[in-house]
Amino acid sequence: MLGWLVARQGLAPLKRITATAKRLSAERLGERLDLQATPPEMLELANAFNGMLNRLEADFQRLSEFSADIAHELRTPVSNLLTETQVALSRPRSTGEYQDTLHSNLEELERLARMIADMLFLAKADHGLLPNPAEPVHLEREVDALLEFYEALAEEKQVTMQLSGAATVTGDHLMLRRAIANLVSNAVRHTSPGGMIEITITQAKEMARLSVSNPGETIPTDQLAKLFERFHRADNIRSHHGEGAGLGLAITRSIVKAHGGDVAVSSQNGITSFCLSLPLSGRQSTSYHRGADADGE
């Protein structure tokens with residue numbers, strides 16, 4: 001009898017875990033084990049169980065928000081397409097009017113196509129399905145190509161761009177160029193006329209660091225961590241103008257992480273800086289500078 005009581009008492013924590021697991025559902029992920037009522041020898045298991053529930057709850061929350069965001073983003077272009085088509089068919093029109101409607105619809109369809117392509121890219125990144133070539137990528141050359149591409153837009157906005165430093169990493173140069181392009185594009189869009197965008201490449205502790213800094217409106221501290229979330233929008237925040245529908249910075253983070261790196265952002269005193277950190281490759285580039293004061297510019 002005494003042995004039965006001891007065994008029953010010893011198995012009580014496991015019964016509580018079983019009861020908690022039975023109560024779990026997609027709508028009830030807030031259940032947690034009471035660690036204070038758990039014997040010391042079971043604390044590690046209880047902590048692991050609670051940690052698993054925390055991760056599940058966070059993942060379900062992100063999935064729910066993502067589904068709602070997708071519905072919201074798709075609703076506008078689909079509604080525009082439907083309305084314009086209904087108006088065009090409401091009465092006979094000239095060939096020119098039909099062509100105008102088709103051109104307008106084409107713009108919405110292209111927006112939808114970009115959004116779907118970006119979502120597919122992120123889905124591949126989540127499942128580790130991105131290409132993994134091991135070619136040397138000279139960051140200064142990728143940035144230089146992007147500065148030429150955005151030169152016309154920068155001149156139109158009376159913004160100057162400057163690049164300094166050099167580093168070589170290993171990876172896919174097209175993917176890395178896309179990651180950097182999102183940051184440069186956002187910087188150009190959010191820099192006030194007369195401002196300068198500074199792109200700096202440095203090397204430290206076997207890591208290459210590429211920083212894109214621009215003057216502009218300071219981003220609130222509580223918004224910084226959310227900038228890389230999919231479909232995140234905030235008042236006058238750069239993710240609103242990123243690639244696709246608020247997916248640009250999420251894509252940048254996915255690309256950088258797929259290359260074994262990380263991305264960070266800071267914003268204070270009217271200066272916003274995004275910094276990409278990537279593992280250096282064996283062979284390094286020499287010093288490089290491009291900007292308004294550079295020779296030959």
Side-chain angles (χ1 to χ4, degrees), residues 26 55-82 84-85 102-135 137 139 142-143 145-146 149-150 169-189 210 212 225-234 237-265 274 276-279:
R55 293 189 296 273
L56 280 174
E57 186 175 22
D59 287 343
F60 267 87
Q61 180 66 25
R62 281 194 295 269
L63 181 60
S64 177
E65 293 175 354
F66 188 52
S67 299
D69 288 335
I70 289 176
H72 176 75
E73 293 295 336
L74 292 178
R75 180 177 59 186
T76 299
V78 170
S79 176
N80 290 342
L81 287 169
L82 183 61
E84 290 192 5
T85 303
L102 289 174
H103 281 302
S104 178
N105 286 353
L106 180 61
E107 292 179 1
E108 293 294 344
L109 289 170
E110 287 174 341
R111 177 186 171 191
L112 280 172
R114 286 194 301 269
M115 187 189 309
I116 292 170
D118 289 345
M119 289 163 56
L120 195 58
F121 180 92
L122 289 170
K124 289 181 178 180
D126 288 343
H127 292 85
L129 299 178
L130 295 182
N132 189 29
E135 59 179 325
V137 180
L139 293 179
E142 300 303 322
V143 174
L146 288 170
F149 180 81
Y150 287 106
V169 299
T170 300
D172 185 313
H173 79 279
L174 291 177
M175 286 174 56
L176 288 173
R177 182 181 292 189
R178 183 179 187 183
I180 300 168
N182 288 335
L183 302 184
V184 175
S185 173
N186 281 338
V188 172
R189 292 175 184 274
L210 187 153
V212 179
K226 299 178 181 179
L227 287 178
F228 300 101
E229 295 179 1
R230 299 168 193 186
F231 297 114
H232 175 69
R233 295 282 175 83
I237 297 301
R238 60 194 57 223
S239 60
H240 180 76
H241 297 285
E243 179 181 327
L247 295 172
L249 294 178
I251 287 174
T252 292
R253 181 176 62 178
S254 293
I255 291 174
V256 172
K257 286 189 174 296
H259 283 77
D262 202 359
V263 58
V265 59
F274 285 84
L276 308 183
S277 299
L278 295 161

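What's counted below: heavy atoms across the whole structure, side chains too, no hydrogens, waters or symmetry copies.
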Worksheet item: Do Arg178 and Asp118 pass the salt bridge (Lys or Arg N to Asp or Glu O under 4.0 Å) test, and can you show the C-alpha distance, the side-chain angles, and the key distance before you say yes or no?
Response: CA-CA 12 Å; Arg178 183 179 187 183; Asp118 289 345; 2.7 Å; yes
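- At least one side-chain heavy atom of Phe274 sits under 4.5 Å from a side-chain heavy atom of Leu227.
- Listed by chain and number, the residues in a side chain to side chain donor-acceptor pair (under 3.5 Å) with His173 are Glu135 (sequence neighbours excluded).
- Put simply, the side chain of Leu183 reaches to within 4.5 Å of the side chain of Leu276, judged on heavy atoms.
- Between Asp172 and His259, some side-chain heavy-atom pair lies under the 4.5 Å cut-off.
- Residues Thr85 and Leu81 come closest through the heavy atom pair OG1-O, 2.7 Å.
- Closest heavy-atom contact between Asn182 and Gly248: ND2-O, 2.9 Å.
- Heavy atoms only, all atoms of each residue included: Leu247 and Met115 are closest at CD1-O, 4.1 Å.
- Each of Ile255, Val256, Leu146, Thr252 was compared with Ile180 under the side-chain contact (heavy atoms from CB on, under 4.5 Å) criterion, and only Leu146 meets it.
- Smallest separation of non-hydrogen atoms from Pro77 and Leu112: CG-CD2, 3.5 Å.
- In this structure, Ile251 and Phe121 approach most closely via the heavy-atom pair CG2-CE2, 3.8 Å.
- Phe228 approaches Leu249 most closely through the heavy-atom pair CD2-O, 3.5 Å.
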